[in-house]
Amino acid sequence: VRSGGGAGFDGDDMEFASARRELGEYSRPERQRGDRRRGCQRGRHPGTPATGSGDRYVRLWDPADPTAPTAVSEQYAAAVTALAFDPDGRLLAVGLNDPTAFVWDISNPDAAALVPLDDHTDAVTSVAFSPDGLRLVTAGGDPLARVREAATGRIEYELRGHSGTV
């Protein structure tokens, strides 16, 4: 297992997985020279990839014209470290290199975050929706993962036991 961590749901919506294993269409953050961690996620809607990086923006793209993003988020206070679409491809969970995560409705990209999540104590390094879209897990530098109601951000339970970044 590489340094760092990861979190996500498996295909039957009941089991939780950890330790940087790819699940579904989740792509873990990668290191890039001269940049902080960054993430890349492809929506289930054809033609809706999303990227985030150390420049503190999330960008939505149209693969038919990849020369310019179709939407750009506000500039956040910290680098983007994790991205995940819900199963419908309408909501995008975003984790930042600070104790913040949120859910963004990409069907209305000019709108503010639907669900701000600011209850971690360190960087949020992993976000993932359950296959049914009802739950969202956030994990990070505080060695725990929080399983939440996706619609409200309410914590259903916490998973503890790691000694480092999840």
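For reference, positions follow the sequence shown, starting with 1. This one's a predicted model, so the numbers in the text were calculated from it and none came from an experiment.
- Side-chain contact between T152 and V115 is absent, with no heavy atoms from C-beta onward closer than 4.5 Å.
- Residues passing the side-chain hydrogen bond (donor to acceptor under 3.5 Å, both in side chains) test with S163, sequence neighbours excluded: none.
- Closest approach of V166 to A145, counting heavy atoms only: CG1-CB, 4.3 Å.
- Closest of all the heavy-atom pairs between V127 and A101 is CG1-CB, 4.5 Å.
- Residues L83 and V80 share a closest heavy-atom pair of CD2-CG1, 3.9 Å.
- Residues D119 and I155 meet the side-chain proximity criterion, which asks for heavy atoms closer than 4.5 Å.
- Of the inter-residue distances, the one linking Y57 atom OH with T51 atom OG1 reads 13.0 Å to the nearest 0.5 angstrom.
- Side-chain atoms of T70 come within 3.5 Å of backbone atoms of L60 as a donor-acceptor pair (strictly under, hydrogens ignored).
- The two residues P49 and P63 have their closest heavy-atom pair at CD-CD, 3.8 Å.
- For P69, the side-chain contact (heavy atoms from CB on, under 4.5 Å) partners are R59, W61, V72, not counting sequence neighbours.
- Distance alone, capped at 3.5 Å, is enough to place a donor-acceptor pair between the R56 side chain and the Y76 backbone.
- Between T100 and V124 there is no side-chain heavy-atom pair separated by less than 4.5 Å.
- With rounding to the nearest 0.5 Å, the separation of CG in D122 from OG1 in T165 is 6.5 Å.
- D142 places a side-chain N or O within donor-acceptor distance of the main-chain N or O of T121, the cut-off being under 3.5 Å.
- Under the 4.5 Å side-chain criterion, counting only non-hydrogen atoms from C-beta, V137 is in contact with V147.
- In this structure, T81 contributes its side chain and G95 its backbone to a donor-acceptor pair below 3.5 Å.
- Residues A150 and F129 approach most closely at CB-CE2, 3.9 Å, considering heavy atoms.
- Residue F85 holds its CZ atom at 8.5 Å from CH2 of W104, rounded to the nearest 0.5 Å.
- Taken to the nearest 0.5 Å, the CG atom of L92 stands 6.5 Å off from the CD1 atom of I106.
- Expressed to the nearest 0.5 Å, how far OG1 of T138 lies from CG of L117 amounts to 6.5 Å.
- Considering only residues two or more places apart in sequence or on other chains, E156 meets the side-chain hydrogen bond (donor to acceptor under 3.5 Å, both in side chains) condition with R135.
- Residue pairs meeting the salt bridge (charged side-chain N to carboxylate O under 4.0 Å, His left out) criterion with at least one partner in residues 91-109, sequence neighbours excluded, are R90-D105.
- Considering CG of L136 and CZ of R154, their distance stands at 13.0 Å, rounded to 0.5 Å.
- Residue G54 comes nearest to A79 through the heavy atom pair CA-CB, 3.6 Å, listed as atom of the first residue, atom of the second, then distance.
- Remark: A151 pairs with no residue by the side-chain contact (heavy atoms from CB on, under 4.5 Å) rule, at least two apart or across chains.
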